[in-house]
Protein chains: 2
Amino acid sequence: MMKLSTKGRYGTRVLLDLGLHWGEGPILLKDIARRQEISLPYLEHLIAPLIAGGMVKSIRGPRGGVSLLKRPEEIRLSEVIQLLEGPIAPVECVHNPEAYPRSPLCVTHDIWDEVRRAIDGVLESTTLQDLVDRQKQKWNLEHLPRHEKQGATWEDA
Amino acid sequence: MMKLSTKGRYGTRVLLDLGLHWGEGPILLKDIARRQEISLPYLEHLIAPLIAGGMVKSIRGPRGGVSLLKRPEEIRLSEVIQLLEGPIAPVECVHNPEAYPRSPLCVTHDIWDEVRRAIDGVLESTTLQDLVDRQKQKWNLEHLPRHEKQGATWEDA
DNA sequence: TCTATTGTTGACCAATTTGGTCGCCAACAG
DNA sequence: CTGTTGGCGACCAAATTGGTCAACAATAGA
Ligand code: FES
Ligand code: FES
């Protein structure tokens, strides 16, 4: 039920990667693809909505690449998921109130909206900087230099 | 993102229907199908996991039908969704901890688990009886006799 | 200006999931 | 035995997912 697709999962990892390299100028898609183990052609599609959403900037040509347009602490996970997976809602009608005139009569509607608010609460209160901080902390606990662990941000076993 | 499928949505309506007819003996699938506007063949598939999960009892033959095995106040929405849609988790690894040895190193894992707990919190604290009560209250506000409105529990416009 | 580099786009594809229908079988009341 | 009712598996179409590929656009630097 209600699984996140690879868009959301990979995309979050891509942004975490960009957050970890914040301030280093344009990052090559090729490098992100290698570190996050995402195929380059697929990554190009993943990054598109993030660029369209004004979250990421891209530069073509030599010395090009992509970088965050906003500071990591200004990027909330709710925006990220919104861009990558669309509206955060367990059912259509919750996100699209006016299109469903029956909502006021529908009991389950109220519950699904509560679920939506619960999800949104978590994602809204988490920023990309939070993820970056947690990642660095985990690396420190491992007593390993950061650059040796940069590939270890996967969610797939 | 993370939409509920018709299994979860229709199935919840089916249980709400059974909750509203609690104590009336076996309810015909045919009647549920008509009231909830679900095709009978599809309904038979929807009800299967609920029977397998011990939530609903079925009786075949004349004067048969289905009915709740537990009282509506003992049926939590979390169980319902669990039976109909599988584990409540935005990513596999959250539900399947031991199969994903990388979890402790993975930052996003923590976030997805927070999301899972948020969802579960809502569904765990809502029982079928809550839905029944809300439905009756909505009907009362409409000042209409109950039996005229029994079809109006849809979530689809 | 030429070229190598890097991102952009859209067409295309296979696999999976979703949302069903249909036909036959099993159980049971009368 | 017969009619009624649910159980179950095969089957199906459509949508979604998860990609690949080739052609193109932009740009930096020689
Ligand atoms: S291991 Fe589960 S999200 Fe990373
Ligand atoms: S109208 Fe949205 S769930 Fe019923």
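In this text, all values refer to a predicted model and were calculated from it rather than measured experimentally. Naming convention: chains lettered A, B, ... in sequence-line order (proteins, then strands); numbering from 1 in each chain. The figures that follow rest on heavy atoms only: side chains count, while hydrogens, waters and symmetry mates do not.
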So does A:Arg117 pair up with A:Asp120, basic N to acidic O under 4.0 Å? no

Look at B:Asp110 together with A:Lys138 and state whether they make a salt bridge at an N to O cut-off of under 4.0 Å. yes

Rounded interatomic separation in angstrom, taking [atom1] from [X] and [atom2] from [N]:
X	N	atom1	atom2	value
A:Glu44	D:dG18	CD	P	18 Å
B:Asp31	D:dG6	CG	C1'	14 Å
A:Leu43	C:dT6	CG	C1'	13 Å
A:Ile47	C:dT9	CD1	P	12 Å
A:Leu46	C:dT8	CG	C1'	14 Å

Describe the nucleic acid contact of A:Ile27 in one word from base, sugar-phosphate, nothing, applying a heavy-atom distance below 4.0 Å. sugar-phosphate

Provide the closest heavy-atom pair for [X] versus [Y] in the form atom of the first, atom of the second, distance.
X	Y	value
A:Lys3	B:Pro87	NZ-O, 3.3 Å
B:Pro26	B:Gly64	CB-O, 3.4 Å
A:Asp113	A:Arg116	OD1-NE, 2.9 Å
B:Leu46	B:Leu50	O-CG, 4.0 Å

Heteroatom pairs (N/O) under 3.5 angstrom, protein to nucleotides 17-20 of chain C:
from: C:dG19; atom 1: OP2; to: B:Thr6; atom 2: N; distance (Å): 3.0
from: C:dG19; atom 1: OP2; to: B:Thr6; atom 2: OG1; distance (Å): 2.9
from: C:dG19; atom 1: O5'; to: B:Thr6; atom 2: OG1; distance (Å): 3.4
from: C:dG20; atom 1: OP2; to: B:Tyr10; atom 2: OH; distance (Å): 3.3

Do any side-chain atoms of residues 72-82 of chain B form donor-acceptor pairs under 3.5 angstrom with protein atoms, and if so which ones, sequence neighbours left out?
from: B:Glu73; atom 1: OE2; to: B:Arg71; atom 2: NH1; distance (Å): 3.1
from: B:Glu74; atom 1: OE1; to: B:Arg71; atom 2: N; distance (Å): 3.2
from: B:Glu74; atom 1: OE2; to: B:Arg71; atom 2: NH2; distance (Å): 3.2
from: B:Arg76; atom 1: NE; to: B:Glu124; atom 2: O; distance (Å): 2.7
from: B:Ser78; atom 1: OG; to: B:Glu124; atom 2: OE1; distance (Å): 3.0
from: B:Glu79; atom 1: OE1; to: B:Lys70; atom 2: NZ; distance (Å): 3.0
from: B:Glu79; atom 1: OE2; to: B:Arg76; atom 2: N; distance (Å): 2.8

In terms of hydrophobic clusters joined by side-chain contacts under 4.5 Å, are B:Leu128 and B:Trp22 together? yes

Spell out, yes or no, whether B:Ile27 and B:Ile51 are grouped together once hydrophobic residues are joined by side-chain heavy atoms under 4.5 Å, including indirect joins. yes

Within residues 48-58 of chain B: residues closer than 4.0 Å to DNA chain D (heavy atoms): B:Ile51, B:Ser58

Just the atom pairs and distances: protein N or O near nucleotides 11-16 of chain D's N or O, under 3.5 Å.
none

Short side-chain donor-acceptor distance under 3.5 Å, A:Tyr10 and A:Ser5: no

In terms of side-chain heavy atoms, does B:Asp133 have a donor or acceptor partner in B:Gln129 at a distance below 3.5 Å? yes

Please figure out whether A:Leu40 or B:Leu28 has its closest DNA chain D nucleotide nearer the 5' end. B:Leu28

side-chain hydrogen bond (donor to acceptor under 3.5 Å, both in side chains) partners of A:Glu44, counting only residues at least two apart: none

Strictly under 3.5 Å: I want the nitrogen or oxygen pairs between protein and nucleotides 27-30 of chain D, one per line.
from: D:dG29; atom 1: OP1; to: A:Arg63; atom 2: NH1; distance (Å): 2.3

Do B:Val132 and A:Val107 touch side chain to side chain, with heavy atoms closer than 4.5 Å? no

